Structures are given as C-alpha cells and as structure tokens.
Amino acid sequence: MIPAMRDGRQADTERRRQRVATAVKNAARNGTPISVSAIARQAGVDRSFLYRHRDLLEPAAQDPAGTSPVSRTSLQADLANAQARNTRLAARVQQLEKRLSQVLGTQAWQESGLGAPADIDELQRKITRLEQHNVELTSALEEARSDLDAAREANRDLTRALNQRG
C-alpha cells in the first residue's frame, strides 16, 4: 500500500476512534443507555467499526451506574438484523449461482456445436441463397443434358451416314 494512503487510513481510523470515545463518555456522563447501535449512531460510524475495534466497547462495559452496557434488546435486534441480512445474502448468492450456471451451460452448449448458433437469421439467409443456387445449377444441368442428348443424336446420325457410304 502507498505510504500516503496508509497514513490517511490510519488518520481516518484514529478520528473515528476519538468520536466513539467521546460518544461513550457523553453517554456515560448523561446516563443514557449505552448500546452498540446508540454509540455508533452518536459517533457517526458503522456498528461494524465498533465490532472490529472491541477495545472501544470496554469503557462501556465498565459503566459506573451498573447498567448493562449493551442491552439484551439491543443484542437481540443486532442478531435479528444479522440473521435477516444473512438470509438476504444467501438468497442473492443462490440467485447468482443459478444465473452463473445458466450462462455457463449456454456457453458450453454453444461451444460444443450442439446448440443453435447465435445468428440464426444469417444462417436462414445462407440457406435461401444455397437453395437458389441449387435451383440454378439443376436448371443448368438439365440444359447441359439436353445439349448432350442432342449432340449424341447428331453423332449417331453422322455415324449412320458414314456407315451407309462405305
């Protein structure tokens, strides 16, 4: 990672950590319930930031008022949200797997030569052109056969005439 980027990320993380620490102190001082969601909202950070930096939650665990730092309701709400998100993500993964399977199946079918070609219209036009060419060739063949039959008849007549002379 580029040093300037790393330093910028570290500075951003430190600013967020300071906002969380301030939010925890204010909540403790005001006597408001301390929950992950409330602290995250007050500090303007995502709850996942707090879960990645567990040490930020330790002051909340040492609440002098003796109240629960993270309420059972808050934990249940977080769990329900996580389960709902997990369900949505599992459905999305299943949907994407099905789509990928269809795309790969279609691609394999086409590459195998067993499937219909992609441009059926072009093939239909080619079939029409070939059929017309076939009709033209058949007509030319019939004409050539007719000419050949006439030439054979003329050859027989000439052969007969020569045989009768001699």
Side-chain angles (χ1 to χ4, degrees), residues 1-140:
M1 183 180 276
I2 300 172
M5 288 176 63
R6 184 184 60 238
D7 293 344
R9 286 188 68 177
Q10 287 175 347
D12 180 55
T13 298
E14 190 54 40
R15 283 190 299 271
R16 289 194 277 169
R17 288 177 67 84
Q18 287 299 322
R19 290 196 316 254
V20 169
T22 302
V24 169
K25 287 178 190 173
N26 289 341
R29 184 175 49 240
N30 297 337
T32 57
I34 298 175
S35 70
V36 172
S37 296
I39 296 300
R41 190 173 31 256
Q42 185 70 28
V45 299
D46 194 67
R47 288 188 320 242
S48 63
F49 180 81
L50 294 173
Y51 294 126
R52 282 192 311 267
H53 300 273
R54 293 251 179 221
D55 62 303
L56 293 172
L57 297 175
E58 287 177 14
Q62 300 165 358
D63 186 10
T67 60
S68 175
V70 179
S71 70
R72 182 174 180 84
T73 306
S74 173
L75 290 175
Q76 287 174 336
D78 286 347
L79 178 61
N81 288 335
Q83 287 172 334
R85 183 171 190 266
N86 188 28
T87 302
R88 286 191 311 273
L89 290 175
R92 179 69 174 150
V93 165
Q94 189 175 27
Q95 177 188 22
L96 291 173
E97 285 175 343
K98 182 177 179 183
R99 185 170 171 212
L100 178 63
S101 177
Q102 289 170 341
V103 168
L104 289 176
T106 301
Q107 182 182 2
W109 179 257
Q110 288 173 345
E111 289 176 1
S112 71
L114 298 174
D119 194 2
I120 293 184
D121 291 336
E122 178 61 31
L123 290 175
Q124 290 295 338
R125 287 191 291 271
K126 187 173 184 176
I127 288 170
T128 303
R129 284 193 309 269
L130 291 173
E131 286 174 344
Q132 289 172 349
H133 187 65
N134 190 23
V135 168
E136 292 168 4
L137 289 175
T138 302
S139 176

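This one's a predicted model, so the numbers in the text were calculated from it and none came from an experiment. Computed over heavy atoms, backbone and side chain alike; hydrogens, waters and symmetry mates excluded.
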Worksheet item: Any idea which heavy atoms bring F49 and T13 closest together, and the distance?
Response: CZ-O, 3.9 Å
Practice prompt. Looking only at non-hydrogen atoms, find the nearest pair between Q42 and A23 and report the distance.
Written response: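 Looks like CG-CB, 3.6 Å.
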Item to complete: Using the test salt bridge (charged side-chain N to carboxylate O under 4.0 Å, His left out), find all partners of E122 that sit at least two apart in sequence or belong to another chain.
Response: R125, R129
Response to the item:
Taken in chain and number order and not counting sequence neighbours, the residues that satisfy salt bridge (charged side-chain N to carboxylate O under 4.0 Å, His left out) with R17 are D55
Looking only at atom types and distance, does a side-chain atom of [X] sit under 3.5 Å from a main-chain N or O of [Y], one as donor and one as acceptor?
X: S101; Y: E97; answer: no
X: S139; Y: V135; answer: no
X: N81; Y: A77; answer: yes

Hey, what do you get for [atom1] ([X]) to [atom2] ([Y]), rounding to the nearest 0.5 Å?
X: R15; Y: D12; atom1: CZ; atom2: CG; answer: 5.0 Å
X: L123; Y: L130; atom1: CG; atom2: CG; answer: 10.5 Å
X: H133; Y: L137; atom1: NE2; atom2: CG; answer: 4.0 Å
X: Q76; Y: L79; atom1: CD; atom2: CG; answer: 8.0 Å

Worksheet, complete the sentence: By side-chain hydrogen bond (donor to acceptor under 3.5 Å, both in side chains), E14 pairs with (sequence neighbours left out) Q18
Fill in: Q94 atom CD, over 12 foreign heavy atoms within 6.0 Å
no
Practice prompt. For the residue pair L96 and L100, establish whether any side-chain heavy-atom pair is separated by less than 4.5 Å.
Written response: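 The answer is no; the side chains never approach within 4.5 Å.
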Discussion item. With heavy-atom distances below 4.5 Å as the criterion, would you say the side chains of I39 and V20 are in contact?
Written reply: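 With C-beta onward as the side chain, the pair touches.
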Considering only distance and modelled atom types, tabulate donor-acceptor pairs under 3.5 Å from the side chains of residues 82-92, sequence neighbours left out.
from : atom 1 : to  : atom 2 : distance (Å)
T87  : OG1    : Q83 : O      : 2.9
R92  : NH1    : Q95 : OE1    : 3.0

Discussion item. Less than 3.5 Å apart, any donor N or O on the side chain of Q132 or E136 sitting next to an acceptor on the other?
Written reply: no
Worksheet item: Pairs in or reaching into residues 6-39: which pass ring pair (Phe, Tyr, Trp, His ring centres under 6.0 Å), with residues at least two apart or in two chains?
Response: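 The answer is none; no pair qualifies.
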Practice prompt. For residues 28-51, pull every pair meeting salt bridge (charged side-chain N to carboxylate O under 4.0 Å, His left out), keeping only residues two or more places apart or in separate chains.
Written response: R47-D78
